[in-house]
Amino acid sequence: MYTKASLFSLWVATTSAATLGPRQSGSTVTVDLTKTYQTMDGFGTSEAFQRAVQVSKLTEANQRLALDLLFSTEKGAGLTILRNGIGSSPDMSSDHMVSIATKNPGGPTKPLIYNWDGSDNKQLWITQEAVHTYGVKTIYADAWSAPGYMKTTGNDANGGSLCGVSGATCSSGDWRQSYADYLVRYIQFYQEANVSITHVGFLNEPELTEGSTQYASMRSSGTQAADFIKILSPTLDKANLSHVHIACCDAEGWSDQVGMLGQLKPVDDMLGLITSHSYTSSPSGPMNTRHRVWQTEAADLNGAWTASWSGGGGAGEGMTWANNIYQAVVNSNCSGYLYWIGVQTGSTNSKLVRIDGDKVTPSKRLWAFANWSRFVRPGAVRVGVSGAPSGVKVSAFHNEDGAVAVQFINGGSGAAKVSVKVTGGSAAAAALSSTAGNRLFTSAAAAKGWITDNTHDLSELDGVGMADGAASVNIPGKAMVTIVLTS
Ligand SMILES: *[C@@H]1O[C@H](CO)[C@@H](O)[C@H](O)[C@H]1NC(C)=O
Ligand SMILES: *[C@@H]1O[C@H](CO)[C@@H](O)[C@H](O)[C@H]1NC(C)=O
Ligand SMILES: *[C@@H]1O[C@H](CO)[C@@H](O)[C@H](O)[C@H]1NC(C)=O
Ligand SMILES: *[C@H]1O[C@H](CO)[C@@H](O)[C@H](O)[C@H]1NC(C)=O
């Protein structure tokens, strides 16, 4: 029903009209480059909890396929952020992330005894691939917990607190400096393997109660997090790692993270990133912080594997994730958006790409990420956009190379015809001239489009026309279309 040929003739019919006014071309959508919002770090995922080990067990050809699907801008989603799990477990049984210092050195004043294995549950391999093969620059290393011997419970799983933060006194003493040293050493192990970690976190879902998590977990309030950040920040500085951003706190839900912000105020100058998951509550508006904000973990954890784009609006459908990303980035000021797992075995939607025997299958969730990530590159600034027809969500970004990417999510079942124009290019260039040399956009000279729907996986959309500096495009129902305009 929707073919390249029919779109093309539609375009020809439009341009052959004597004048191309907004009436003939449907709604006029105007991108305003002078109206700027947050800067983007990008989109990403994780191979923590030994999911990287699963990828490493594929044949070489399938390893490449899996990595291409995650990180390639030509063959996959072009993801630009990788979240790694810093292990705290004493062993590698089940999907445990093993600690880099499994043994208690005998107290917090003793130097830690490291047992770095050069693999990090194969996360080092995935990271080296991401960085060196695909040019990924943003690596977020996040610990779910400190090792058990540093905690009130003596166990890295099932909650407990870091000894030494307020309200967590231990007979063995204050382990905060040891935990900071531990995280710094992890970053250095990666550095020695030629990988620069850009962001470090020390918590994961710190509001979870003891007993509810069989895996690594550590409780923390905002105040307790601040008690540790006070130690971590100067420890990073001393190790010449002040460029590594401290992230906090990967709360289980958005409103929990909002609730922790006030208690983080005393260490605001030491923080580099605010992080939240979407499980118990999802992004519901900008957080009250000057720092960049990432949604660092979301997934349909239990739904049966689906590779469909749009059916009944199910939690695992691609279109659902296109909308989730929109809600986080456009309505909640997020600079980063991460799905839980990239590639994994098993029959649920907790990953973007499924390993089934020796088959590697992408979901439409992956293509929803691709529709954002391939065109909204790190450093892109979200800009103003208005005039979308009703039922169509629109967002726009000004990339560092000057290209303007506009996303449409058409929730209705009918097609919508729009004409897209860009204003403010010269004013934006003047404002930027002192800082960024590029990001130049004069007048729109060329436009390209891509479509994702039930039958297309980010296929190039033919029939995107240009006339009088405006791109004309037809957005089919229940589809996501991205238009990139260059000058
Ligand atoms: C890191 O890079 C240096 C310099 O390019 C090289 O000599 C060294 O072998 C690399 N190390 C690893 C672990 O890749
Ligand atoms: C500190 O880091 C900078 C770059 O981040 C590097 O140029 C410098 O050599 C480092 N100094 C030491 C003592 O490691
Ligand atoms: C959005 O986030 C940026 C930091 O990335 C911040 O400076 C800005 O104030 C935030 N905007 C709103 C409306 O909260
Ligand atoms: C966007 O998603 C659609 C629908 O799955 C897909 O067909 C298309 O290839 C994706 N576009 C890109 C650039 O990844």
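Remember, it's 1-based here, ligands and their atoms both numbered in the order they're listed. Numbers here are sequence positions counted from 1. Keep in mind the model is a prediction, meaning the values are calculated, not measured.
- In this structure, the side chains of Asp120 and Ile86 stay at 4.5 Å or more apart for every pair of heavy atoms.
- The parts of Arg292 lying near ligand 3 are both backbone and side chain, judged by heavy-atom distances below 4.0 Å.
- Tyr140 pairs in a side-chain hydrogen bond (donor to acceptor under 3.5 Å, both in side chains) with only one of the listed residues (Asp250, Thr296, Thr198, Asp41), which is Asp250.
- A heavy-atom distance below 4.5 Å is not found between the side chains of Phe71 and Glu129.
- Under the side-chain hydrogen bond (donor to acceptor under 3.5 Å, both in side chains) rule, Asp32 has a single partner from Thr34, Thr36, Thr30, which is Thr34.
- Val329 has its side chain within reach of Gln38: a pair of non-hydrogen atoms, C-beta onward, lies under 4.5 Å apart.
- The protein heavy atom nearest to atom 9 (O) of ligand 3 is Thr289 O, 4.4 Å.
- Atoms of ligand 3 lying under 4.0 Å from at least one heavy atom of Arg290, given by number and element, are 4 (C), 7 (O).
- In terms of polar-atom proximity, Asn333 is counted as a contact of ligand 3, with an N or O under 3.5 Å from an N or O of the ligand.
- Using a 4.0 Å cut-off to heavy atoms of Pro286, the atoms of ligand 3 that qualify are 12 (C), 14 (O).
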